[in-house]
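Let me begin by presenting the structure, written as structure tokens, before commenting on it.
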Number of protein chains: 2
Amino acid sequence: MSKIHFDRLAASAIKDTPRRRAIISFFEKSTGAKDPETVWEHLKTKFRRCGLPGVYRNLEQMVNAGILVRVQREGRKRYYGLCPGCGHMHHHHIVCVKCGKIGEMPECTLFKGRTLGGFKIVDHFIQLSGICPECGK
Amino acid sequence: MSKIHFDRLAASAIKDTPRRRAIISFFEKSTGAKDPETVWEHLKTKFRRCGLPGVYRNLEQMVNAGILVRVQREGRKRYYGLCPGCGHMHHHHIVCVKCGKIGEMPECTLFKGRTLGGFKIVDHFIQLSGICPECGK
DNA sequence: AAATAAACAGAAATAATTTCTATTTAGGAG
DNA sequence: CTCCTAAATAGAAATTATTTCTGTTTATTT
Ligand SMILES: [Mn+2]
Ligand SMILES: [Mn+2]
Ligand SMILES: [Zn+2]
Ligand SMILES: [Zn+2]
């Protein structure tokens, strides 16, 4: 219910449009990560004219703006969800394997400036999956 | 030059075929991770008849057999390379951003049995990128 | 209100991967 | 060694996610 994502949208370099607000609202009202087509299905009920390419564009831009996260799951499809730590620095995410809810791994200094088998580590990507508190009950 | 990958092929559930041997040889002779089409281009010079779907199938099966690794890079294409730790347990890889060479993160107990923000961690995927010893010179 | 730049729709194209069917090949039994 | 069966394969076609393109609309600045 917090407005951090709307605030972030307003503060970002991309424009604050009805579509982008609707995308945030959709993610807030539903649980878990969604593929672009699912987001589109919803937007079509809100806007008379609405194209899938626009949804792709917006999702990517909102990731760059730090509002959304892109999560990697099985298969060759992308999924997006609200970034819980919206606006913070570099961090990683954990996705619930049951409901798709997204959690967060706030600080990560695991690989900072380290070397591994002679390789100097320059970047790292971590994708955790797990069971969220609700699904674990 | 070690035969671990051929040995592993012989020991695995999948058959030891000329094509699979040729795939291993190709990776041994060249440096770094390759996409399926690149592997195919090479195989076509070795076998008169050779189809891309077969290459896809073999690459995946050889990953399951622990001979190859699938690496995630930018874009929506897959890449494969020889698994240096071929036959060992669960482990992660580091890819050189310059030449694509694959290195290894042998033991990983970072997330074993842990909890993160209420999520019980059940699986994790780590993809590191870096600069290999040769490219670092 | 006019100008400028960003957002957008809709159609079409692209590119990677998968599916399908018929044919070939490898490894085991006799 | 020869036959048998299951696995492997080719080649064509289909699928699917994503991207590109062009013309129009919308938001923001002046
Ligand atoms: Mn990190
Ligand atoms: Mn691990
Ligand atoms: Zn859950
Ligand atoms: Zn290198």
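Chain A is the first sequence line, chain B the second, and so forth, proteins listed ahead of strands; every chain is numbered from 1.
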In whole Å, I'd like the distance from the [atom1] atom of [X] to the [atom2] atom of [N].
{"X": "Glu37(B)", "N": "dT14(C)", "atom1": "CD", "atom2": "C1'", "result": "13 Å"}
{"X": "Leu9(A)", "N": "dT28(D)", "atom1": "CG", "atom2": "C1'", "result": "15 Å"}
{"X": "Arg57(A)", "N": "dC21(D)", "atom1": "CZ", "atom2": "C1'", "result": "11 Å"}
{"X": "Gln61(B)", "N": "dT9(D)", "atom1": "CD", "atom2": "C1'", "result": "11 Å"}
{"X": "Glu60(B)", "N": "dT17(C)", "atom1": "CD", "atom2": "P", "result": "10 Å"}
{"X": "Ile14(B)", "N": "dA6(D)", "atom1": "CD1", "atom2": "C1'", "result": "15 Å"}
{"X": "Leu59(B)", "N": "dT18(C)", "atom1": "CG", "atom2": "C1'", "result": "14 Å"}
{"X": "Leu43(A)", "N": "dG10(C)", "atom1": "CG", "atom2": "P", "result": "13 Å"}

Query - 5'-most by nearest nucleotide on DNA chain C - Leu52(B) or Lys15(B) - result: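 The answer here is Leu52(B).
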
Pick base, sugar-phosphate or nothing for [X], based on heavy-atom distances below 4.0 Å to the nucleic acid.
{"X": "Arg76(B)", "answer": "base"}
{"X": "Arg78(A)", "answer": "sugar-phosphate"}
{"X": "Arg20(B)", "answer": "sugar-phosphate"}
{"X": "Asp35(A)", "answer": "nothing"}

Can you tell which of [options] lies closest to the side chain of [X]?
{"X": "Lys77(B)", "options": "dT17(C), dT18(D), dA5(C)", "answer": "dT17(C)"}
{"X": "Pro18(B)", "options": "dA26(C), dC8(C), dG11(D)", "answer": "dA26(C)"}
{"X": "Pro53(A)", "options": "dC8(C), dA16(C), dT19(D)", "answer": "dT19(D)"}

### Message
Between Glu60(B) and Arg70(B), does any side-chain N to carboxylate O distance fall below 4.0 Å?
### Response
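A salt bridge is present here (some side-chain N lies under 4.0 Å from a carboxylate O).
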
(Q) One thing to verify: whether Arg78(A) and Asp35(A) come together as a salt bridge, which I'm taking to mean a side-chain N less than 4.0 angstrom from a carboxylate O. (A)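 Result for this pair is no, no salt bridge flagged.
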
Query raised in the report: Which residues, ordered by chain and number, are linked to Tyr79(A) in its hydrophobic cluster, where ILVMFWY side chains connect at heavy-atom gaps below 4.5 Å, directly or through other members?
Result: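 Cluster partners of Tyr79(A): Val69(A), Val71(A), Val95(A), Ile102(A).
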
Option from Arg114(B), His92(B), Lys112(B) for which side-chain hydrogen bond (donor to acceptor under 3.5 Å, both in side chains) with His124(B) holds: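 Looking at Arg114(B), His92(B), Lys112(B), the match for His124(B) under the side-chain hydrogen bond (donor to acceptor under 3.5 Å, both in side chains) is His92(B).
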
Phosphate OP1/OP2 of [N]: any [X] side-chain N/O under 4.0 Å:
{"X": "Arg21(A)", "N": "dA27(D)", "value": "no"}
{"X": "Thr17(B)", "N": "dA7(D)", "value": "no"}
{"X": "Asn58(A)", "N": "dC8(C)", "value": "yes"}

Check: Between Leu116(B) and Phe111(B), is any pair of side-chain heavy atoms under 4.5 Å apart?
Finding: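 Not in contact.
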
* Residue whose closest nucleotide on DNA chain D lies nearer the 5' end, Tyr56(A) versus Asp16(A) ->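 The residue mapped nearer the 5' terminus is Tyr56(A).
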
